[in-house]
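Some notes on the structure that comes next.
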Amino acid sequence: LITLILGLILGVLLYILAYYIVRQLRLTSRTIGFIAQGNFKARVDKITKDELGVISLGVNDMADKIESLFEEQEEFSVQVIKTLVGTIDAKDKYTNGHSVRVAQYSKMIAEKLGKSSKECKQIYYVGLLHDIGKIGVPDEIINKTSRLTDEEFEKELSEYHEVTRIFFKLYEKQKEM
């Protein structure tokens with residue numbers, strides 16, 4: 001009888017211990033899943049004072065570092081985009097500031113349509129860069145006050161689209177990373 005009672009008590013204690021371990025592992029595992037999906041703000045919110053807690057703290061530390069790296073990458077990307085936009089605006093004296101206005105209006109429209117903040121940000125960047133192909137067009141063509149000849153139009157339009165196509169292909173590859 002005593003063996004049976006001790007066995008039941010031990011069984012209950014092992015069940016409680018297993019429940020505790022599994023619960024903490026599930027919380028940590030769920031957070032790792034969020035981070036793997038790109039939610040770098042996810043954190044394990046219940047930290048225990050044991051080995052599992054050390055693992056949870058490690059996951060949170062890892063998430064902090066990943067989030068910081070992505071923020072730095074985004075800041076760098078924004079600076080590159082602003083430099084490119086400045087280059088585009090410097091080439092075209094007639095539409096200086098046009099890219100910024102397109103980006104701002106595009107973002108406002110996206111917000112009104114209920115797009116996510118991530119989508120709104122991407123739309124803003126694409127608005128900034130929509131005239132990127134102008135980089136490959138000579139200044140005398142961009143700032144020409146008269147109409148383009150048919151030959152100028154055909155030549156420059158094809159080069160404009162080629163620069164834009166290459167740029168957006170690179171942009172898509174960068175988004176996949």
Side-chain angles (χ1 to χ4, degrees), residues 28-45 56-177:
T28 304
S29 177
R30 193 178 93 219
T31 302
I32 291 170
F34 289 145
I35 294 167
Q37 292 173 352
N39 178 0
F40 304 118
K41 298 204 180 301
R43 299 294 184 273
V44 181
D45 53 356
S56 297
L57 286 172
V59 167
N60 286 350
D61 187 46
M62 176 189 67
D64 288 340
K65 288 182 172 100
I66 292 171
E67 184 178 17
S68 176
L69 288 171
F70 271 86
E71 286 172 357
E72 288 174 18
Q73 179 194 11
E74 185 173 4
E75 286 174 27
F76 177 74
S77 297
V78 168
Q79 290 306 315
V80 169
I81 289 170
K82 286 181 178 179
T83 301
L84 284 170
V85 169
T87 303
I88 295 166
D89 281 349
K91 285 185 70 88
D92 190 347
K93 63 185 178 187
Y94 299 108
T95 61
N96 195 348
H98 165 73
S99 295
V100 172
R101 289 188 300 276
V102 167
Q104 289 170 338
Y105 287 131
S106 299
K107 184 180 177 191
M108 288 188 318
I109 291 168
E111 288 170 346
K112 292 282 186 195
L113 291 172
K115 299 292 182 186
S116 71
S117 63
K118 182 179 178 181
E119 289 173 308
C120 290
K121 194 182 292 187
Q122 288 174 336
I123 288 168
Y124 178 80
Y125 294 148
V126 170
L128 283 175
L129 294 169
H130 79 280
D131 271 344
I132 191 73
K134 284 184 181 180
I135 288 176
V137 178
D139 292 348
E140 59 272 7
I141 296 293
I142 287 178
N143 293 310
K144 187 174 179 180
T145 56
S146 60
R147 268 187 79 164
L148 295 179
T149 65
D150 289 341
E151 297 81 33
E152 288 171 330
F153 184 79
E154 286 300 317
K155 179 180 182 291
E156 299 309 329
L157 188 63
S158 66
E159 288 178 15
Y160 174 88
H161 285 303
E162 181 62 16
V163 170
T164 304
R165 187 187 64 74
I166 290 168
F167 178 80
F168 280 106
K169 194 177 213 182
L170 289 171
Y171 176 76
E172 286 300 318
K173 283 190 187 278
Q174 184 271 335
K175 273 184 18 182
E176 292 171 7
M177 297 184 347

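Basis for what follows: all heavy atoms, side chains included, without hydrogens, waters or symmetry-related copies. Since the model is a prediction, treat every value here as computed from it, not as a measurement.
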From CA spacing to verdict: side-chain contact (heavy atoms from CB on, under 4.5 Å), His130, His98: CA-CA 10 Å; His130 79 280; His98 165 73; 3.0 Å; yes
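Between Ser116 atom OG and Glu111 atom CD the span is 10.5 Å, to the nearest 0.5 Å. Between atom NZ of residue Lys41 and atom CD1 of residue Ile66 there is a gap of 13.0 Å, rounded to the nearest 0.5 Å. Separating the CD atom in Gln79 from the CD atom in Glu74 is a distance of 11.5 Å, to the nearest 0.5 Å. Distance check, rounded to the nearest 0.5 Å: OH of Tyr124 to CE of Met108 gives 11.5 Å. The CG atom of Leu129 sits 5.0 Å away from the CD1 atom of Ile81 when rounded to the nearest 0.5 Å. Separation of atoms NZ (Lys107) and OG (Ser117) is listed at 9.0 Å; rounding is to 0.5 Å.
The heavy-atom pair separating Ala103 from Leu128 by the smallest distance is CB-N, 3.5 Å.
Note on residues 138-147: pairs passing salt bridge (Lys or Arg N to Asp or Glu O under 4.0 Å), not counting sequence neighbours, are Lys91-Asp139, Lys144-Glu152.
When side chains are defined from C-beta on, Ile35 counts as touching Val59, because their heavy atoms get closer than 4.5 Å. Looking at heavy atoms from C-beta onward, Gln122 lies out of side-chain contact with Lys115 at the 4.5 angstrom threshold.
Without hydrogens or angle criteria, Ser68 side chain to Asp64 main chain gives no donor-acceptor distance under 3.5 Å. Here the side chain of Asn60 pairs a donor or acceptor atom with the backbone of Val44 at under 3.5 angstrom.
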